[in-house]
Amino acid sequence: MSRLVIDPVTRIGGHLRIEAEVAGGVVADAWSTGTMFRGLELILRGRDPRDAWLFAQRVCGSCTGVQGLASVRAVEHAVGATIPPNARLVRNVIAGTQYLLDHVLHFYHLHAFDWVDVESALGADPAATSTLAHATSGWPQATESHFRQAQARLAQFVASGQPSSFANGPWGHPAYRLSPEANLLLVTHYFEALDWRRSISKIHTILGGKNPHPQTFLVGGMALTPPWGGPSRGLPGEHPQQIDKRAPAALSEASLDEIAGLIATAKAFVDQVYVPDVLLVARHYPEWAALGAGIGNYLAYGEFPEDETAEPRLFLPRGRVMGRVMARVQGVEPAGVTESVTHAWYTYDGDPDGLRGPAEGETSPKYAGPPLPYASLEGSEKYSWLKAPRYDDEPMEVGPLARVLVAYVEGRDEVQAAVNRAIAALGVGPDALFSTLGRIVARAVEAEVIAGRLGTWHRDLTQGLADGDLAMADLGRWDPGSWPQEAQGWSLGEAPGGALGHWVTIRDRTIESYQIVDASTWNGSPRDGKGRRGAWEEALLGTPVADPGQPLEILRTLHSFDPCAACAVHAFDPRAAGPIELRVTGGASR
């Protein structure tokens, strides 16, 4: 039995270390370590709750805005604020756009090289690649000259001595299976996805002021003002005068028309490039539909409210699928969430184990591992800066797969139709979703469904404004004088990576405590007090490793979750512990 250390794991957010024991050519055990402590929950103490989202959204610069939205919702819940329909629709468009950005980024720029051999693409025939592209989808950029130009661009990168993301890959690894032409097709779309991301990001720039980190969230709604000709401020009960549709504002007719075009462009890329490419990869690696299954319990908080009620209908529903049984969806309540620190570098009031709900949780760091830098965690009881969340005392997997499974089992038409198309194209059943491959396919399915829904939210917003409803915020709860002396609030929503919860306690109009349980906290958790692994650790069991010096297969399963350790631990003090040496021991990292 050999022990592999991959540190750092790259093509993710933040600093992550994976240790794995390999016996008989497969992973027999695994440990996931978040090696970075940030302390954002401590930074929020004592601050104005209305400012919390500006800090909280700095949790992540990749899934930009979703942490800010979760924070705003938690404070709104605490103080009893209700947002108007326009604000809900703008939030859905901003968040939905981020899902598309994140999913496309994940596949092409973080995960594709686990399946795509870049050096093989240099030997591809561009004419044959064009034929393959036409057989795969109707995407118009599929000429021989287009692929020849992309191949030359790739060759220029490789020959430059500064190949950037194309450097240090395990090119030629026996686990690669795509033809040179399929590799060239996907590398070409890697380049196109960069341009596509720049285009779709304009939606955030228009509605949010910037990307990353939109600036227009507001407790009570959105800090956006529709154009008008009279004195109205667009608040509830006011009657606007003539709208100036030409005004250069985020919600002007011109801006809304531009957003409509950007949504259509984004949807075309998802439908004609991203989804077909995922299915192309999946057809070449069918054995991965039986690998990486992991825990088998799936949790989704749900996202995209469709009304302004206290318990709104969610476009992507809330629920749990337990034990891989696709028969019914079980409920989810905030009280079901707890966190263990038995194997994490934290304490709860001196309690060595700790098992509390986030509302009563603490961020009390206490490093108790081996001296840094260290070669191995073997023998260390505490081994991560990530806590171990559980629901009803059960470990859970969260993410696009969990959301798709919950929506599929609940009978949501759009999701069922998209899933059925995908699995029919692959010639598999729904059970194949419980795998490394299933996570990749579910992410593409979700992008397809959300891309279709973005147009509906945009049309509803445009029609409401045209009908004269200009309300963007309910400022009745903006004044802290209207707040109770003490209030607690929470939000259960989703980030692209999975279930996202924020909990806030407000006393004397300031934040007394704040806790965040992010998707990667769920998936990347260490063992809990009962010794049960987190989702990443469990999913790695049974993973084949052809070459321990280049454990590409481990990265395939790990990257299928889109890890973001920066989101999971909320700064490292070099004066206290010394520098962390980032290196690879017994494995490759890119």
Side-chain angles (χ1 to χ4, degrees), residues 39-59 66-88 90-91 216-224 233-238 301-303 305 307-314 318 331-339 348-349 356-364 389 471-494 499-518 570:
L40 276 169
E41 294 159 323
L42 303 178
I43 292 169
L44 283 166
R45 291 180 186 171
R47 298 188 182 274
D48 189 322
R50 296 169 298 180
D51 294 340
W53 68 272
L54 283 163
F55 293 87
Q57 77 169 342
R58 265 66 184 180
V59 165
V66 295
Q67 299 279 357
L69 178 55
S71 179
V72 163
R73 287 171 171 170
V75 174
E76 288 170 346
H77 180 255
V79 303
T82 301
I83 69 171
N86 288 333
R88 170 180 59 81
V90 170
R91 289 179 179 185
T216 55
F217 292 124
L218 179 76
V219 172
M222 296 297 296
L224 292 173
R233 294 169 296 162
L235 299 178
E238 295 190 341
Y301 288 156
E303 190 51 271
D307 57 63
E308 289 70 52
T309 61
E311 294 291 335
R313 184 183 188 274
L314 300 172
R318 180 173 298 170
V332 171
E333 298 293 339
V337 181
T338 56
E339 289 185 294
Y348 281 163
D349 289 338
R356 301 183 184 178
E360 293 76 40
E362 302 174 10
T363 302
S364 302
M472 293 303 300
D474 176 5
L475 300 184
R477 289 289 184 176
W478 175 256
D479 181 5
S482 68
W483 299 355
Q485 192 73 11
E486 181 177 352
Q488 283 191 329
W490 49 264
S491 66
L492 298 184
E494 295 281 335
L500 172 61
H502 282 226
W503 284 261
V504 61
T505 298
I506 300 170
R507 189 186 300 274
D508 296 329
R509 303 181 180 93
T510 61
I511 296 173
E512 181 177 72
S513 66
Y514 204 102
Q515 289 291 305
I516 301 170
V517 183
D518 186 88
H570 309 291

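The structure displayed is predicted, hence computed values, not measured ones. The chain is numbered in sequence order, starting from 1.
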Checklist entry - Taking only residues two or more places apart in sequence or in another chain, which ones pass side-chain hydrogen bond (donor to acceptor under 3.5 Å, both in side chains) with E311? => result none
Item to check | Counterpart residues, side-chain contact (heavy atoms from CB on, under 4.5 Å), relative to S482 (two or more places apart) | outcome: R477
Next on the checklist: Going by the rule side-chain hydrogen bond (donor to acceptor under 3.5 Å, both in side chains), which residues pair with R507 if we only count those two or more places apart in sequence or in a different chain?
Outcome noted: E486, E512
Item to check | Residues which pass side-chain hydrogen bond (donor to acceptor under 3.5 Å, both in side chains) with Y514, listed by chain and number, not counting sequence neighbours | outcome: S71, H502
Checklist entry - Which heavy atom of V517 sits nearest a heavy atom of P358, and at what distance? => result CG2-CG, 3.9 Å
Checklist entry - Are E303 and R313 ion-paired here, with the side-chain N under 4.0 Å from a carboxylate O? => result no
Checklist entry - How long is the span from the CG atom in N86 to the CZ atom in R91, to the nearest 0.5 Å? => result 12.0 Å
Checklist entry - Between T309 and D307, does any side-chain donor sit less than 3.5 Å from a side-chain acceptor? => result yes
Item to check | Sequence-distant partners of R88, salt bridge (Lys or Arg N to Asp or Glu O under 4.0 Å), two or more places apart | outcome: E308
Item to check | Results of salt bridge (Lys or Arg N to Asp or Glu O under 4.0 Å) for E360 - residues two or more places apart only | outcome: none
Item to check | Pairwise side-chain contact, L500 with I516, heavy-atom cut-off 4.5 Å (strictly under) | outcome: yes
Item to check | side-chain hydrogen bond (donor to acceptor under 3.5 Å, both in side chains) partners of T505, counting only residues at least two apart | outcome: Q488, S513
Checklist outcome for this item: Heavy-atom closest pair (D518 atom, Q67 atom, distance to 0.1 Å) is OD1-NE2, 2.6 Å
Item to check | Value rounded to 0.5 Å, distance of NE2 in H77 from CH2 in W503 | outcome: 11.5 Å
Checklist entry - Does A359 offer a backbone N or O that forms a donor-acceptor pair with the side chain of Q515 under 3.5 Å? => result no
Checklist entry - Do M472 and I83 have side chains that get closer than 4.5 Å, going by heavy atoms? => result no
Item to check | Atom pair CG/OG1 of L224 and T216 - distance to nearest 0.5 Å | outcome: 4.5 Å
Checklist outcome for this item: All heavy atoms of R73 vs all of P305, minimum pair found to be NH2-CD, 3.6 Å
Item to check | Partners meeting side-chain contact (heavy atoms from CB on, under 4.5 Å) with D479 (sequence neighbours left out) | outcome: none
Item to check | R45: side-chain contact (heavy atoms from CB on, under 4.5 Å) partners, not counting sequence neighbours | outcome: L42
Next on the checklist: What verdict does the side chain to side chain contact (heavy atoms under 4.5 Å, CB included) test give for V79 and I506, after you've listed the backbone C-alpha separation in whole Å, the side-chain angles of each residue and the deciding distance to 0.1 Å?
Outcome noted: CA-CA 9 Å; V79 303; I506 300 170; 4.2 Å; yes
Item to check | Side-chain heavy atoms of P389 within contact of T338, under 4.5 Å | outcome: no
Side chains of residues 49-59: which donor-acceptor partners sit under 3.5 Å, not counting sequence neighbours?
unit_1: R50; atom_1: NE; unit_2: D48; atom_2: OD1; d: 3.1
unit_1: R50; atom_1: NE; unit_2: D48; atom_2: OD2; d: 3.3
unit_1: R50; atom_1: NH1; unit_2: W478; atom_2: O; d: 3.0
unit_1: R50; atom_1: NH2; unit_2: D48; atom_2: OD2; d: 2.7
unit_1: W53; atom_1: NE1; unit_2: R50; atom_2: O; d: 3.4
unit_1: Q57; atom_1: NE2; unit_2: P214; atom_2: O; d: 2.9
unit_1: R58; atom_1: NH1; unit_2: L54; atom_2: O; d: 3.1

Next on the checklist: Let me confirm one number: the CG-CG distance from L218 to D474, rounded to the nearest 0.5 Å.
Outcome noted: 10.0 Å
